[in-house]
Amino acid sequence: MNPRVTVWNEFRHEKSDPEVAAIYPDGIHATIARALGEHGIEARTATLDEPEHGLTDEVLDATDVLVWWGHLAHEEVSDEIVDRVQNRVLNGMGLIVLHSGHGSKLFRRLMGTTCNLKWRESTDTEVLWNLAPGHPITAGLGEHFIIDQEEMYGEFFEVPTPETLVFVSWFTGGEVFRSGACYTRGTGKIFYFRPGHETYPTYHHADVQRVIANAARWAAPEYSAVQKFGNPGPIMVG
Ligand code: ZN
């Protein structure tokens with residue numbers, strides 16, 4: 001079954017930078033949601049400036065997997081919404097964090113590290129090598145794919161060691177980066193996927209779209225588990 005996806009975007013660059021608006025006239029979120037639709041996945045969108053950042057309990061009740069893109073306005077995301085989304089992930093909601101979302105309050109909270117890295121906006125080509133053939137996230141991909149121009153992200157990337165490392169990127173400047181990384185927090189699955197700097201048409205790239213669609217299917221909760229905490233009496237009586 002296909003997951004119900006919500007694509008969240010801070011949606012600021014597209015409003016203030018004509019170069020970005022030319023690439024994503026309806027916003028990065030709209031481009032990703034449309035691509036998911038073409039892969040048969042129902043996707044709605046939510047943005048920072050909506051009430052509750054568009055992430056009301058009603059929206060999250062209807063969300064199996066949340067996709068997150070943010071950059072300029074990480075600190076404008078309220079702690080209340082970070083708490084709410086973290087709690088959803090711990091209880092099984094899937095989360096796909098894209099590109100500069102590495103610096104979001106939400107991702108840093110879930111990782112427990114700084115999530116710092118190196119970066120350079122230039123003319124680097126990115127080659128993403130598939131390290132997990134047979135993994136659901138790489139379904140339909142070859143052994144590598146290429147993004148002609150992207151921002152460079154370089155190691156060291158201060159995150160916990162991924163449970164599965166799906167992609168490593170090489171850049172023409174010589175750097176490498178762990179660009180596709182799987183984690184579990186509580187019962188929720190998390191995938192960090194590196195590409196997607198706002199001034200490049202990365203989310204129009206067919207293989208990038210395929211990875212996000214595959215990741216949405218992978219991250220969807222398979223069943224709901226009721227977790228009980230606290231101070232119960234013994235289960236054996238008498
Ligand atoms: Zn960027």
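Both counts, for ligands and for their atoms, begin at 1 and track the order of listing.
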Please find out if the Zn ion (ligand 1) and some N, O or S atom of H71 are separated by less than 2.8 Å. no
Any luck finding a side-chain donor-acceptor pair between S169 and E126 under 3.5 Å? yes
Ion pair present between R34 and D26, side-chain N to carboxylate O less than 4.0 angstrom? yes
Do H197 and E121 meet the criterion of a side-chain donor-acceptor pair at a distance under 3.5 Å? yes
Is it the case that the side chains of N91 and Q227 hold a donor-acceptor pair, with the cut-off being a distance below 3.5 Å and no angle test? yes
With the Zn ion (ligand 1) as the reference point, give the N/O/S atom of E151 that is nearest. OE1
Just to confirm my numbers, could you give the angle made at the Zn ion (ligand 1) by ND1 of H197 and NE2 of H99, rounded to 10°? 120°
From the Zn ion (ligand 1) out to just under 2.8 Å, does an N/O/S atom of E198 turn up? no
